[in-house]
Amino acid sequence: MSALVSVVIFLTAAVIAVPIFTRLKMGAILGYLCAGLVIGPSILGLINDPADILHFAELGVVFLLFIIGLELEPDKLLRMRNKILFIGGGQLLLCAAVLFAILTAFNFSWKVALVISLALALSSTAFAIGMMQEKRILATPLGQKGLSILLMQDIAVIPILLLVTTLSGASASQGAPWWIGILAIFGVLFSGRYLLNPFLTLVSRNGSAEVITASALLIVIATALAMHVAGLSMGLGAFLAGVLLANSSFRHQLEVEIAPFKGLLLGLFFIAIGMNMDLSLFAYNPYLVPLACALVAIKAFIIYWLVRGKNAPGTHPIRLALMLSQGGEFAFVIFSVGLADGLLPKAIADQATLVVGLSMALTSPLVMWYEYLQRKKHLPPAYDEEREEKEPEVIIAGFGRFGQIAGRILSANHIPFTALDNNAEHIEFVKQFGNKVFYGDATNLKLLKAAGVEHARIMFIAADSDKHGLAIAKVVKEHYPHIKIIARARSRLSVLQFRDLGVYSSVREMFDSSLFAAKLLLQEYGFDEARAENLVQVFKMHDEELLDKAYHKQRYDLEEVIKISNHGRAELEDLFNNDQGTEAK
């Protein structure tokens, strides 16, 4: 089967299944799993190489971890160290210990029991993060506890894989020496600290939007590949790169560029998991469903016990515990390594894989059932996500010389603002003064959302070109009509075009300064200050009337504006003559 046919099958399955499951409020992830199950070998058999596809689709998890890293500034990660160590570490050890005891009680060898218990103790980062974002609890204190559990699990994947290799007796020489891994980690840390920002600055200055996208992909894939070659987790490398770029001015642009690839590859990842589920095992092992239910129950109870305590009203620790109760995608990696090294029998690895898949399928219905019970009991609604700090209500799109004047005045009066610009030098300048800065094109709706446009009251469009400014105004007016827009206009025609978009507060960049210069000129010529001011104001009012006339024409173009202006010049002379006659009397 050609790759193009496989792509069509994947996309068709996703387009059909995901909307149905989303409509049923069962979550997109469960839709991907069921889509993979249907097109896989167990049912229709449209795709027969799910293992190869799963290996490629793991890039989705890599991109996810990179974006998670972008959200975690190093200082924030340092503040979370206790949660990661005690809550995350406690969950992993307690879940593994309970599962190990159960498996050994059923006469599993201690090596097999240890590997399976550690693998099953891991939750699905992609699944859980997706649900926490969907339910808007990721940024809450309780959500941060859940994130600390997932981070600890992701970090633990590397030593678990090393343990599997050791227990299987596989030769360490088959992999890279341990010191190569240490060098790879230091290489990622050094590159992220000293090389990536200058590299992105250079690219942004000399490259197009497509090159920025290519650069984002290059950073993630190259970092992941370097860690993989060193014998470490690709996800760990991507996560470290994300953390090191969390304070970068390019952070949100990178997130916007990576997000579509992450979404597609994560969808493919879950489709591949569904394809790897062998339903024929149910005929010979009917106890697999109770085992999956038991796994969910054990993990949910332990996680609830760890995250309970002082939480905001309506946060529902039980709901978070259910979100993290499934088996994880890294379990498939551990099972495949254990199978390849001869530590796990194939039958046991296949059954464990099916248990993990079933636990994922159970998660969304269980969360929905719990939320239904809360609504039925009329308990406080789920805690909505709150940002850690109040978002600025002013956004300046374009931070060149024109926008910087407004920014300086706002800063002098302690009014916070967010600056957006696609010039890296401008961004680095404003960043020094503690304001929020976003690198990228302000016409990108995802970037605007990341910049907090939903919380803004005013946007000042100070773009260098009318074309770009009009494009920004069109996007904002279409999606956020309540925002008051003040726009920089370089010509009379652009003022009229802004009015067509519903932007009536526009500033002609040369107009007011030219009026002031004319006033000084009149004074130097011999007019007193009051007379000079009056003449300038007469001109200003008349010019604005001409613009109004041009705007109220049903159709106007540059020639029409010129025609009206020429006609208005005669009127203006009459006004000046009348004014002089009045003064003479």
Side-chain angles (χ1 to χ4, degrees), residues 64-65 68-102 114-129 131-133 135 137-163 185 189 232-233 235-236 239-240 242-244 246 295-331 334 359 363 383 385-386 388:
L64 174 66
L65 289 173
I68 292 173
L70 286 176
E71 298 294 333
L72 290 175
E73 299 176 7
D75 292 341
K76 182 178 180 181
L77 192 61
L78 189 63
R79 291 196 302 269
M80 291 179 62
R81 64 185 183 277
N82 290 334
K83 291 179 182 178
I84 294 174
L85 183 62
F86 295 108
I87 299 179
Q91 179 274 332
L92 184 63
L93 293 176
L94 286 174
C95 287
V98 172
L99 294 172
F100 178 79
I102 294 174
L114 181 60
V115 171
I116 293 178
S117 61
L118 286 171
L120 295 180
L122 303 175
S123 303
S124 171
T125 300
F127 205 108
I129 290 290
M131 292 199 72
M132 286 194 285
Q133 288 176 334
K135 304 298 181 181
I137 64 170
L138 185 58
T140 67
L142 181 64
Q144 294 297 291
K145 293 180 181 179
L147 181 60
S148 66
I149 291 175
L150 295 172
L151 288 177
M152 185 66 196
Q153 292 177 356
D154 292 336
I155 294 171
V157 170
I158 299 168
I160 292 175
L161 289 174
L162 291 175
L163 178 64
I185 292 175
L189 295 176
L232 300 177
S233 166
L236 177 63
F239 175 74
L240 289 176
V243 170
L244 293 169
L295 173 65
V296 169
I298 291 170
K299 293 183 70 174
F301 176 78
I302 292 174
I303 294 171
Y304 168 75
W305 183 77
L306 288 170
V307 302
R308 80 194 192 289
K310 293 183 179 181
N311 293 297
T315 48
H316 308 314
I318 295 178
R319 182 174 65 160
L320 177 69
L322 291 173
M323 290 180 181
L324 273 67
S325 62
Q326 74 288 127
E329 55 271 359
F330 288 117
I334 294 171
S359 69
T363 304
Y383 181 76
E385 178 179 345
E386 291 184 357
E388 294 184 357

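Heavy atoms only: backbone and side chains are in, while hydrogens, waters and symmetry mates are out.
Under the 4.5 Å side-chain criterion, counting only non-hydrogen atoms from C-beta, Leu99 is in contact with Leu295. Cys95 is not listed as a side-chain neighbour of Leu120, based on a closest heavy-atom distance of 4.5 Å or more. No side-chain heavy atom of Leu306 sits under 4.5 Å from any side-chain heavy atom of Lys145. In this structure, the side chains of Leu151 and Leu147 come closer than 4.5 Å at one or more pairs of heavy atoms. Counting only heavy atoms from C-beta outward, the side chains of Ile149 and Val307 approach each other to under 4.5 Å. Ile334 is listed as a side-chain neighbour of Val115, based on a closest heavy-atom distance under 4.5 Å.
Of all non-hydrogen atoms in Trp305 and Leu94, the two that sit nearest each other are CZ3-CD1, 4.0 Å. Shortest non-hydrogen contact noted between Ser359 and Gly327 is OG-N, 2.8 Å. Heavy-atom minimum distance, Ala96 versus Ser117: O-CB, 3.5 Å. Of all heavy-atom pairs between Leu122 and Phe330, the closest is CD1-CB, 4.0 Å.
Counting only distance, with no hydrogens or angles, the side chain of Lys299 and the backbone of Gln326 share a donor-acceptor pair below 3.5 Å.
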Less than 3.5 Å apart, which donor and acceptor atoms pair up between the side chains of residues 81-93 and the rest of the protein, not counting sequence neighbours?
unit_1, atom_1, unit_2, atom_2, d
Arg81, NH1, Leu78, O, 2.7
Gln91, OE1, Gln153, NE2, 2.8
Gln91, NE2, Ala121, O, 3.0

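In this structure, CG on Leu320 lies 7.5 Å from CD1 on Ile303, to the nearest 0.5 angstrom. With rounding to the nearest 0.5 Å, the separation of CG in Leu324 from CE in Met132 is 5.5 Å. Taken to the nearest 0.5 Å, the OG1 atom of Thr363 stands 7.0 Å off from the CE atom of Met131. Once rounded to the nearest 0.5 Å, the distance linking CD1 of Ile318 with CZ of Phe301 reads 11.0 Å.
Residues meeting the side chain to side chain donor-acceptor pair (under 3.5 Å) test with Thr125, sequence neighbours left out: Asp154. Ser124 is linked by a side chain to side chain donor-acceptor pair (under 3.5 Å) to Glu329, counting only residues two or more places apart in sequence or in another chain.
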